[in-house]
Amino acid sequence: MELGRRRDLGSALGLAPAPAKPGQEPRPGAGAGAPGAVRARRFVLCLYLVGFLDLFGVSMVVPLLSLHVKSLGASPTVAGVVGSSYGILQLFSSAVVGHIWGHFHGGGDFAVSQTLAVPCFPQGCWSDVVGRRSSLLACILLSALGYLILGASTSVFLFALARVPVGIFKHTLSISRALLSDLVAEKERPLVIGRFNTASSVGFILGPMVGGYLTELDGGFYLTAFICFSVFILNAGLVWLFPWSEVKLNSTKNGLLLGKSHALLGKTDCEVQEAATRHGTTVSGKPARLPWMEVVSTLRDMKSLIVSEMWDIFLVRLLMGVAVMLYYSNFVLALEERFGVRPKTTGYLISYSSALGALAGFTLGPILRLYKHNSHTVLLHSSVLTFTLLLLYSTAHTMGIVVFSSTLLSFSTAIGRTCITDLQLTVGGAQASGTLIGMGQSVTAVGRVIAPLLSGVAQEVSPCGPPSLGAALALMAIIVMSVSRPRCGGDGSDKLKSE
């Protein structure tokens, strides 16, 4: 029954249906036009729309934050502290959830736990206890509250307060990916999540243009934040109207059917919660742990990997990640101060760069073939290009140079992100891939905490300070890669692979 339902879902996602076994009669409703397949397809398409609206709303506001906090009278250092507090909230909420998710799914890959991270409470994984529907709605509505407060922020205190609920509960995309993983078979998951990421990226391409246009109006930032709030409310309404009662979700690890006897509404959620409370254990049979214990466990795992033989790869990831974050940290504010460019024009430039970054993925295959699939060399050369472009942007005297550097940076950073992940998996080995990808994401999250602080301090010196500091960090990453090249390019990590 479960396998048959997954074949229906595969057909709904545009995948070829599995043929019937010899001597077996076709299962009723197994055709492409079966009602179950149509409902599943509609559910998945709705999730794609959720991802689009989420990043569309966020990208309208985020590029304008540096301008707004400056208008409130905050110094660059204070703005950096507020930005870091948001990163800290995101880091620890994801870290706690990552480990708890792994326990609830039978100790599965930490990569899945990080990719599908969702907010949680001390009782255990929130989305597993109260249901995907409730947790997704709560995250969207509480994030909307943060943007509503942001739209009413007339002081630095209110601005910082607005970032708290967003920092804790802004995991809409993660829960949506979790839903997709529950809906489809494991072999279909990369295709479906890839389409979801594409839909989300389109939202990030369009959002800066709309936000840049709106901020030119009287009270533009407040209007933009209110529209972002409205987009989140619209998203919550869409989630509320999802056909939850028509689609049953499966655990990806143990094949546990959460909606086996009835729909994923009311009674199902309550029974799941009662079962979790009654047994006091996770799905895997392991006792649930308090959040602070999960944080400590995450930090221990991070320490063990950072001090391992792969320390240089994680260091390069951190340095290059912070370098790029510094470039974007004050992009709108710097262009206005250096060249008098209005936010509307800067919004168009950000959207242009985002679109190029999405297209850069199509160039990766030919580039890797040109380099004979040597990810280390590709990463080194893309990092050299990123360093050069950051330095060029920092010293630019015309907008033509800014546009030129932004164009090439979209390609170099997109290629670099892919290559550093591939290098982690190549050196670490397939057996450790889950933990390695998860820890790589944690290292990036640490960068999101460090970058705002460094940006604030650098902006105290000059608007060109953050990208100049980013160029210096990129140079450090290039030096690390050059020194460690023999080990990274060879088989020096066979020990880790065998583990």
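Keep in mind that this is a model prediction, so the values were computed, not measured.
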E216 side chain vs K344 backbone, donor-acceptor pair below 3.5 Å: yes

Just how far is it from atom OG of S383 to atom CG of L473, taken to the nearest 0.5 Å? 12.0 Å

Smallest separation among heavy atoms of F196 and S176, with atom names: CZ-CB, 3.5 Å

Could you tell me the separation between the CG atom of N330 and the CG atom of L65, rounded to the nearest 0.5 Å? 12.5 Å

Say you draw a straight line from CG of L180 to CD1 of I175; how long is it, rounded to the nearest 0.5 Å? 12.5 Å

Nearest atoms (heavy-atom pairs only) where V322 meets G447: CG2-CA, 3.7 Å

What distance do I415 atom CD1 and R417 atom CZ have between them, rounded to the nearest 0.5 Å? 10.0 Å

Rounded to the nearest 0.5 angstrom, the CZ-CG distance for F314 and L318 is 11.0 Å

Side-chain donor or acceptor of S85 paired with backbone N/O of V82 under 3.5 Å: yes

When you check the side-chain N and O atoms of T215 and T224, is any donor under 3.5 Å from an acceptor? no

For I233 and L141, which heavy atoms make the closest approach, and how far apart are they? CD1-CD2, 4.0 Å

Mark yes or no for whether S351, through its side chain, and I205, through its backbone, hold a donor-acceptor pair below 3.5 Å. yes

Please, which pairs that meet side-chain hydrogen bond (donor to acceptor under 3.5 Å, both in side chains) have at least one residue in residues 143-168, sequence neighbours excluded? H68-S153

Checking S375 now: which residues fulfil side-chain hydrogen bond (donor to acceptor under 3.5 Å, both in side chains) with it, not counting sequence neighbours? D422

Between F331 and Y328, what is the ring plane arrangement, given parallel below 30°, perpendicular above 60°, and tilted in between? tilted

Where do L142 and F232 land on the side chain to side chain contact (heavy atoms under 4.5 Å, CB included) test, with the steps shown first? CA-CA 9 Å; L142 289 170; F232 272 73; over 6 Å; no

Tell me, with the steps shown, if I140 and F169 meet side chain to side chain contact (heavy atoms under 4.5 Å, CB included). CA-CA 8 Å; I140 293 175; F169 294 102; over 6 Å; no

Is the shortest side-chain N to carboxylate O distance from K70 to E336 below 4.0 Å? no

Do the side chains of F229 and L150 get nearer than 4.5 Å, heavy atoms only? no

Closest non-hydrogen atoms of F339 and A396, given as atom of the first, atom of the second and distance, are CZ-O, 3.6 Å

Is it the case that more than 12 heavy atoms not belonging to M476 sit under 6.0 Å from its CE atom? no

Compare every heavy atom of P165 with every heavy atom of G146, then report the nearest pair and how far apart it is. CA-CG, 3.6 Å

Around atom CZ of F157, are there more than 12 heavy atoms of other residues, nucleotides or ligands at under 6.0 Å? no

The criterion is ring-ring contact (aromatic ring centres under 6.0 Å, His included); which residues satisfy it with Y371, sequence neighbours excluded? H381

Is there a donor-acceptor contact under 3.5 Å from the side chain of T346 to the main chain of R342? yes

Please walk me through it: do L335 and L349 pass side chain to side chain contact (heavy atoms under 4.5 Å, CB included)? CA-CA 11 Å; L335 290 188; L349 181 57; 4.1 Å; yes

Can you check side chain to side chain contact (heavy atoms under 4.5 Å, CB included) on I420 and M320, steps first, answer last? CA-CA 10 Å; I420 190 67; M320 292 304 300; over 6 Å; no

Check whether S455 reaches the backbone of A451 with its side chain - one donor and one acceptor, N or O, closer than 3.5 Å. no

Kindly say whether L391 contributes a backbone atom to a donor-acceptor pair with the side chain of T395 at under 3.5 angstrom? yes

On a heavy-atom basis, which atom in Q90 and which in K170 lie closest, and how many Å separate them? NE2-O, 3.6 Å

For F226, is the CZ atom crowded, meaning more than 12 foreign heavy atoms sit under 6.0 Å from it? no

Who are the ring-ring contact (aromatic ring centres under 6.0 Å, His included) partners of Y213, not counting sequence neighbours? none

What pairs with T172 under side-chain hydrogen bond (donor to acceptor under 3.5 Å, both in side chains), at least two apart in sequence or on another chain? D54

Contacts of Y352 meeting side-chain hydrogen bond (donor to acceptor under 3.5 Å, both in side chains) (sequence neighbours excluded), chain-then-number -> T407

Do the side chain of S406 and the main chain of V403 share a donor and acceptor less than 3.5 angstrom apart? no

